[in-house]
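Worksheet: the structure to be examined is printed underneath.
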Amino acid sequence: MNEIIEAIKKASIKIKGIIEQGDTSKSDNQNSTGDTQLKLDIASDIVIEKEFKKIASIKQIVSEEQENIVDIHKDGKYLIAYDPLDGSSLVDVNLSVGSIYGIYENSFTGKNIIASVYVVFGPRVEMVIADGKTVKMYRLYDEDFKYIQDIKLNEKGKLQAPGSTQKCWYPYHKKMIDDFFAQGYRLRYSGGMVPDLHQILLKGGGLFSYPSTSDLPKGKLRQLFEVFPFAFVYECAGGEAVDGISRVLDVETLHIHDTSPCFFGSCEEIKKVKEVYLKNA
Ligand code: FBP
């Protein structure tokens, strides 16, 4: 596992350079979800895959930017699903973006995730590692990541990050979001999943939601390399992650690019989400 973390560190330093110097224009390609790929997405993906190919313990990888599973080493132990540069379109407006990695054993399913890592590329580059017991944050200084702190969520927070197109929210979802704001929750939403979820973790808690909507009934965020890795982080930090009703890491994966509605947060907020969604199921 340590060699995987070292590979992510090396790749992240290169991706930092790509973001700062790279071409943010669109490529001629689309990814498996139909998103037009930016040259940054493809460049970041190439950097990560090159680093992972050097590691004997990696059996397979899945990238948001590639259609199929890539076989790496047949005797490897770990399966890694990753989003090389989530929210990449935000680079053009100089907002924070991130890479997300889910590390699995045996098969690419929520139940088999054993660790997750994300890297935030913002005013500073920070890496967060969840290993099933703790959540630890590191910060990049020159060419080295230094340990900063452990991250724990409070029972209840103060921030709310309500995602997706509001005109497509179901009425009960809109009322739930409005109720949180009426309680004094503060809006914190940049459109970048990584910095938005990182902020809630560092500020002690709250709720991030990307629900089922009339235009995207199964949500937008991808299970293997967006939803499950952050669900694992939030659970390790003392919070919860659901699809509205069930623990999201128990959701079945039928295809490697499947999406899921998702709610990540402190326990109090997730309790409210489950109450509302169970009542309207
Ligand atoms: P990409 O993987 O295409 O970047 O989309 C993911 C994402 O950008 C997340 O980072 C973010 O939480 C979400 O989409 C924002 O979606 P919306 O703009 O619909 O709220």
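When a ligand or atom number is given, it counts from 1 through the structure's own listing order.
Of all protein heavy atoms, the one closest to atom 3 (O) of ligand 1 is Asp35 OD2, 3.6 Å. Looking only at protein heavy atoms, the nearest one to atom 19 (O) of ligand 1 is Tyr210 OH, 2.6 Å. The nearest heavy-atom contact from the protein to atom 15 (C) of ligand 1 is Tyr189 OH, 3.3 Å. When hydrogens are left out, the protein atom nearest atom 4 (O) of ligand 1 is Gly87 N, 2.8 Å; that is the closest non-hydrogen contact. Atom 8 (O) of ligand 1 has as its closest protein heavy atom Gly191 O, 3.4 Å. What sits closest to atom 6 (C) of ligand 1 on the protein, heavy atoms only, is Asp86 OD1, 3.5 Å. Residue, atom and distance of the protein heavy atom nearest to atom 16 (O) of ligand 1 are Lys220 NZ, 3.1 Å.
Shown in contact with Ser164 at under 4.0 Å from a heavy atom are these atoms of ligand 1, numbered in order with element: 19 (O), 20 (O). Listed by number with element, the atoms of ligand 1 under 4.0 Å from a non-hydrogen atom of Glu226 are 2 (O), 6 (C). Atoms of ligand 1 found under 4.0 Å from any heavy atom of Gly192, numbered from 1 in the order shown, are 10 (O).
A donor-acceptor pair is defined here as one N or O able to donate and one able to accept, closer than 3.5 Å; no such pair exists between the side chain of Ser212 and the backbone of Gly219. Without hydrogens or angle criteria, Asp144 side chain to Tyr141 main chain gives no donor-acceptor distance under 3.5 Å.
Under 4.0 angstrom from ligand 1, the non-hydrogen atoms of Asp83 all belong to its side chain.
A centroid separation of 6.0 Å or more is found between the aromatic rings of Phe208 and Tyr234.
Between His257 and Phe225, the angle of the ring planes goes over 60°, which puts this pair in the perpendicular group of the 30/60° scheme. Aromatic ring orientation, Tyr101 versus Phe52: perpendicular (interplanar angle above 60°, classes split at 30° and 60°).
Side-chain contact of Ser57 with Glu3: a donor-acceptor pair under 3.5 Å is present, judged by distance alone.
Using a cut-off of 4.0 Å between Lys/Arg side-chain N and Asp/Glu carboxylate O, Lys77 and Glu105 are scored as salt-bridged.
Side-chain contact between Thr109 and Tyr104: absent, with no pair of heavy atoms (C-beta onward) separated by less than 4.5 Å.
Considering only non-hydrogen atoms, atom 5 (O) of ligand 1 lies nearest to Arg222 out of Gln166, Glu65, Glu64, Arg222.
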